[in-house]
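Worksheet: one structure, shown below.
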There are 2 protein chains.
Amino acid sequence: MLNYSSSEENYIKTIFHLQGEDGNVTTNELADRVKTKPASVTDMMKKLKSRKLVNYQPYKGFRLTPDGRKVALGIIRRHRLWEFFLAEKLKFKWDEVHEVAEYLEHVSSKKLVDKLDEFLGFPKFDPHGDPIPDTNGKMENSRQVNLADWPVNKPAIVCQVVNQSTALLELLQHKKITIGTKLEVKKKFGYDDSLEIRIQKQLPVTISGQLAQTIFVNHG
Amino acid sequence: MLNYSSSEENYIKTIFHLQGEDGNVTTNELADRVKTKPASVTDMMKKLKSRKLVNYQPYKGFRLTPDGRKVALGIIRRHRLWEFFLAEKLKFKWDEVHEVAEYLEHVSSKKLVDKLDEFLGFPKFDPHGDPIPDTNGKMENSRQVNLADWPVNKPAIVCQVVNQSTALLELLQHKKITIGTKLEVKKKFGYDDSLEIRIQKQLPVTISGQLAQTIFVNHG
DNA sequence: AAAATAATTTAGACAAATCTAAAAATTTAT
DNA sequence: ATAAATTTTTAGATTTGTCTAAATTATTTT
Ligand SMILES: [Mn+2]
Ligand SMILES: [Mn+2]
Ligand SMILES: [Mn+2]
Ligand SMILES: [Mn+2]
């Protein structure tokens, strides 16, 4: 199995995140995300094309090839497993795991990653609720629904929180909401989109519509 | 705190291992160890000198400065903590941990390393019995004695095994000897330097003088 | 359909880390 | 003390990844 530089891996991973089901990725988009200049992106795309990891025609944007997608899923697997390790075993906070995982993800020993996965008990989701690909690149596509759209009185499990700012984390901690929290929506107020929710058997609490929109849940 | 490239770190770490208490390191020695050419070593020494990590005069060899020593101990700390993690938590074999630790050692987040240390229970020795520096660079200098020189009927704990070949590992596993094993030497045979040892309360077994010389022990 | 604007690529330069081949310094042998 | 051998350094080139500035292509406006 070939090996890629950290730089190549960062481009590959970012293309994966930017290209949706079908869309193309543009030079400027990618330059923004990997914090480099468009000229550097063009250089790298030529290289990745020659390695058959992206389909690329000048001025037409690019997408990962099936091979590129496999490489991307491997990087994402490592990133999310390390994030899980940092949060679960080393007691890092949510908003601290990503930065360190950016480095650990580039250590690409297959044996290391598979043994880590086993040690962690084959987790299905990282601390932000994103699914972790298995050895073969398969991952749950967690049919997750925004809490703002969840019906009243239906059990739900928090499975993802988008936008991982420290301010958001603070609010979630105060409300005692975390990945895995079981709750039900008790009331919805159309006036300001606020919700009244009940966590487990505790007293109901109110959360704003803005907060609800950052929270995604599963069928509990 | 400044950051060094993987390449710089490999040179620094290797100089630490090569320079003893007082000796100087030579260009060819270092080139051999870091698997590069003498010309590259000279280039790097100029750079490390300008960063005040080594003392270096052309043609006179080099040594780490106190700052360089601190950096080296940080790298060695990371290397050995990861080796311990791999062996203890991920169940890697002795002879598999080093290769992966060569990569993990270059992830230099202080928070990561200190939390890993805590998670592992502040281990004092890596799987090969080498001491692990603490956050301040202090480590046990394990007054270890070769098993061949150990007195009869005195409790000992295996703390290091030199020469980590797979063949040696296989033999040690068969004899059920590992780091931390408690044993006593029961008899010494001058004819072929073989020893009879007793592990814990088990029946005595015989080991060759050659094997005994690879094993170092502490006062049990 | 031009002209203006925006996006992308090319050209040329640079820093890091490495190499080979040649020059210089040091050490060893005669 | 020379000469020979060894070690070390320098000079010049190469690869990877980046940048700025200029040229090219595509898109949007008029
Ligand atoms: Mn992340
Ligand atoms: Mn990364
Ligand atoms: Mn090692
Ligand atoms: Mn290394």
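Just so you know, these numbers come straight off a predicted model, no measurement behind them.
- Remark: T36(B) is in phosphate contact with dC19(C), judged by side-chain N or O atoms under 4.0 Å from OP1 or OP2.
- Backbone-only engagement by Y56(B) is indicated by non-hydrogen atom pairs under 4.0 Å involving sugar-phosphate atoms exclusively.
- The shortest heavy-atom contact between H17(B) and I76(B) is CE1-CD1, 3.8 Å.
- Neither side chain, D117(A) nor T135(A), offers a donor N or O lying under 3.5 Å from an acceptor on the other.
- Within 4.0 Å (heavy atoms only), P38(A) reaches at least one base atom of the nucleic acid.
- Of the residues in residues 6-29 of chain A, S7(A), Y11(A) come within less than 4.0 Å of DNA chain D through at least one heavy atom, sorted by number.
- Contact between the side-chain N/O atoms of K46(B) and the OP1/OP2 oxygens of dT10(D) is found at a separation under 4.0 Å.
- Residues satisfying the side chain to side chain donor-acceptor pair (under 3.5 Å) test with T166(B), not counting sequence neighbours, are D95(B).
- Between M44(B) atom CE and dA15(C) atom P the separation is 16 Å, expressed in whole Å.
- Considering only side-chain N and O atoms, T42(B) lies nowhere under 4.0 angstrom from the phosphate OP1 or OP2 of dT8(D).
- Identified under the side chain to side chain donor-acceptor pair (under 3.5 Å) test for residues 168-178 of chain B, with sequence neighbours left out: none.
- When rounded to the nearest whole Å, the span between CE of M45(B) and P of dT18(C) equals 10 Å.
- The only option from R51(A), H106(A), K13(A) that meets the side chain to side chain donor-acceptor pair (under 3.5 Å) definition with E8(A) turns out to be R51(A).
- For Y59(A), whose side chain is taken as the heavy atoms from C-beta onward, the closest listed nucleotide among dC19(D), dT24(D), dC19(C) is dT24(D).
- Ring planes of F119(A) and F85(A): tilted class, angle from 30 to 60°.
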